[in-house]
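Heads up: the structure comes next, in structure tokens.
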Amino acid sequence: MGQALCPADAPAGFQRSSAGGVSGSPFRGKRSNDARQSLEELVQQQKRKCYDIIEELDRFGKKVSHWIWWICPTDVPGCNDPYGTYVTKETAHGLFGEQAAEQEW
């Protein structure tokens, strides 16, 4: 599992990486204790944002706002994700099934 890389204009609390990006998401400290909570928040955001995301894609024909981490979740929190959501090997199965956002999509 790698560190999150962020744009050079990332908010305070991030550090520049040797690759020129910024690393050190302030959400990383939550990882070990909050994997299940992160999954639950991720699914909630998928449910809340689905309509807006589809509308954005229909209207502009491309992605123009910040939401990719909710659609293509990774094992590190997104640098601009206000909820710091991520999945782990143990929680990824929660993206599918009764509690998931599948029906909204």
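Put simply, the side chain of Leu42 reaches to within 4.5 Å of the side chain of Leu95, judged on heavy atoms. For the pair Trp69 and Asn80, the minimum side-chain heavy-atom distance is below 4.5 Å.
The salt bridge (charged side-chain N to carboxylate O under 4.0 Å, His left out) pairs that include a residue from residues 40-51 are Glu41-Arg48, where partners are two or more places apart or lie in different chains.
No donor-acceptor pair closer than 3.5 Å links the side chain of Thr91 to the backbone N or O of Arg36.
Of all the heavy atoms in Gly84 and Ser38, the pair that sits closest is O-OG, 3.8 Å. For Ala92 against Val87, the heavy-atom pair with the smallest separation is CA-CB, 4.3 Å. When all heavy atoms are compared, the tightest approach of Thr88 to Ala35 is CG2-CB, 4.1 Å. Scanning all heavy atoms of the two residues, the minimum distance from Leu39 to Gly94 falls at CD2-CA, 3.7 Å.
No continuous path of ILVMFWY side-chain contacts below 4.5 Å connects Tyr51 to Ile71, so the two sit in separate hydrophobic clusters.
Every residue meeting the side-chain contact (heavy atoms from CB on, under 4.5 Å) condition with Glu56, not counting sequence neighbours, appears here in chain and number order: Phe60, Lys63, Val64, Ser65, Trp67.
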Run the side-chain contact (heavy atoms from CB on, under 4.5 Å) check on Trp70 and Tyr83 step by step: do they pass? CA-CA 10 Å; Trp70 297 320; Tyr83 304 99; 3.7 Å; yes
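One distance of note links OG1 of Thr85 with CD of Gln44; it measures 12.0 Å at 0.5 Å rounding. To the nearest 0.5 Å, atoms CD1 (Ile68) and CD1 (Ile53) are separated by 8.0 Å.
Residue-environment remark: NE2 (His93) exceeds the threshold of 12 foreign heavy atoms within 6.0 Å.
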